[in-house]
Number of protein chains: 2
Amino acid sequence: MAVLQVFFRCNKRGDGVAAKSSQADKYDCLRLENQLCFPLYACAKEIVRQYKSQLAGLDLTYTQYIAMMVLWEHKSVTVSELGNKLYLDSGTLTPLLKKLEQKGFVTRCRCQEDERSVCVKITEAGEELKEKALEVPGKMCSCVGLSDEEKMCLERILKKIMGRF
Amino acid sequence: MAVLQVFFRCNKRGDGVAAKSSQADKYDCLRLENQLCFPLYACAKEIVRQYKSQLAGLDLTYTQYIAMMVLWEHKSVTVSELGNKLYLDSGTLTPLLKKLEQKGFVTRCRCQEDERSVCVKITEAGEELKEKALEVPGKMCSCVGLSDEEKMCLERILKKIMGRF
DNA sequence: TAAAATTAAATTGTGTACAATCTTTATGTA
DNA sequence: TACATAAAGATTGTACACAATTTAATTTTA
């Protein structure tokens with residue numbers, strides 16, 4: 001029973017005992033409002049939506065933006081290195097990088113040392129985009145509106161979860 | 001400057017002052033590791049991936065599962081009611097509900113009172129699925145591995161963010 | 001060294017997500 | 001009542017996201 005309770009929100013009475021009068025309590029763990037993962041999923045989607053408006057002026061989607069972040073820092077990475085940093089595979093990255101190449105922000109070519117790998121390099125236009133991007137984190141932060149303490153707490157918990165996978 | 005700092009992780013020295021020796025500090029706010037939204041995005045995806053293996057036996061995707069949760073509780077809802085609860089629009093829900101109908105878990109038909117609306121109703125097979133789903137929340141919880149305190153904290157912060165949108 | 005195994009991308013197919021548009025039905029108002 | 005407006009879904013188009021497969025290059029090993 002304890003293992004089923006873990007995803008419940010706090011029992012209102014705090015005693016962990018289901019009320020005898022309600023026959024539906026067995027299914028409480030399946031109520032949307034008792035899920036913890038659902039607000040996580042909904043929140044992540046909402047934040048990507050907020051990024052969309054912030055990033056419109058840069059001609060980037062959110063996924064393209066985080067890929068550019070890696071390139072702003074590292075200048076040149078292989079597709080698999082990028083995938084390891086972003087938790088994305090080639091099925092997502094290949095078409096995404098082709099779009100960034102079309103926009104002129106990156107170049108793609110097979111590595112000389114290992115022809116299996118593709119090197120993605122940032123272009124001059126990609127570097128220039130970095131200046132325009134400088135205002136994005138601040139705008140997103142005020143949009144999300146957490147205190148420093150809440151941000152630290154959220155980061156700690158999210159990284160704990162990620163550490164298990 | 002303060003507004004740009006908000007999405008940084010804690011300054012290692014704790015004084016909020018950028019080191020003079022590093023010329024790249026201006027761009028620290030654009031480093032992937034200093035983002036709070038990225039672990040949120042990555043974590044949400046990872047959890048959906050974990051659900052996928054838990055839900056394989058139910059023949060449900062994660063999005064189909066949360067739609068079924070609403071139906072397990074309410075038996076019958078319109079598409080727009082479902083969309084309000086799940087933060088999804090008809091462009092996502094229409095094809096999803098057609099799939100759930102094909103699997104025999106729901107029926108879809110125009111409401112008599114208002115022909116603009118579509119009523120989605122759970123079927124007998126959909127109700128039976130509820131029994132199989134009972135074990136999912138517990139498995140997901142142990143998979144995520146947070147303490148009760150961490151879960152409450154995470155839920156509080158996520159709902160604070162959602163409350164702004 | 002030749003064959004087997006591994007690795008890296010690309011490709012294919014399915015399923016979300018969501019903005020924008022379209023169609024149908026219902027509602028409000030002159 | 002006619003007409004404008006609004007509301008509800010469906011449709012269209014773009015962009016992920018990822019499992020599974022394929023292709024090519026590299027490494028391992030018998």
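Values below: every heavy atom of this structure, side chains too, minus hydrogens, waters and symmetry copies.
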Counting side-chain heavy atoms from CB outward, which of [options] is closest to [X]?
{"X": "V118(B)", "options": "dC16(D), dA17(D), dA10(D)", "result": "dA10(D)"}
{"X": "S90(A)", "options": "dC18(D), dG9(D), dA9(C)", "result": "dA9(C)"}
{"X": "S80(B)", "options": "dA9(C), dG9(D), dT26(D)", "result": "dG9(D)"}
{"X": "Q64(B)", "options": "dT25(C), dA15(D), dT16(C)", "result": "dT16(C)"}
{"X": "E115(B)", "options": "dT25(C), dA17(C), dA17(D)", "result": "dT25(C)"}
{"X": "T92(B)", "options": "dG9(D), dA9(C), dT16(C)", "result": "dT16(C)"}
{"X": "R116(A)", "options": "dC18(C), dA24(D), dA9(C)", "result": "dA24(D)"}
{"X": "D89(A)", "options": "dC18(D), dA17(D), dA10(D)", "result": "dC18(D)"}
{"X": "R108(B)", "options": "dA10(D), dT16(C), dA8(C)", "result": "dA10(D)"}
{"X": "R110(A)", "options": "dA8(D), dA19(D), dA10(C)", "result": "dA10(C)"}

Without hydrogens or angle criteria, can the side chains of Q64(A) and K103(A) be said to hold a donor-acceptor pair below 3.5 Å? yes
Between [X] and [N], does any side-chain N or O lie under 4.0 Å from OP1 or OP2?
{"X": "K98(B)", "N": "dT11(D)", "result": "yes"}
{"X": "K99(A)", "N": "dT14(D)", "result": "no"}
{"X": "T94(A)", "N": "dA10(C)", "result": "yes"}
{"X": "S117(B)", "N": "dG9(D)", "result": "yes"}
{"X": "Y41(B)", "N": "dA17(D)", "result": "yes"}
{"X": "T61(B)", "N": "dT16(C)", "result": "yes"}

DNA chain D: 5'-proximal contact among C111(A) and L93(B) (nearest heavy atom):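 The residue whose closest nucleotide sits nearer the 5' end is L93(B).
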Can we say R164(A) and E46(B) salt-bridge, meaning some charged N sits less than 4.0 Å from an Asp/Glu carboxylate O?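 Salt bridge flag = no for E46(B) with R164(A).
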Salt bridge or not between E128(A) and K132(A)? Use side-chain N to carboxylate O under 4.0 Å. no
Kindly assign one of parallel, tilted or perpendicular to the pair W72(B) and Y65(B), based on the angle between their ring planes and the thresholds 30° and 60°.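 Perpendicular: the ring planes of W72(B) and Y65(B) meet at over 60°.
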Exactly one candidate in V79(B), L100(B), V118(B) meets side chain to side chain contact (heavy atoms under 4.5 Å, CB included) with R108(B); the answer is V118(B)
Could you check K52(A) against D114(A) and say which one's nearest nucleotide on DNA chain C is further toward the 5' end? D114(A)
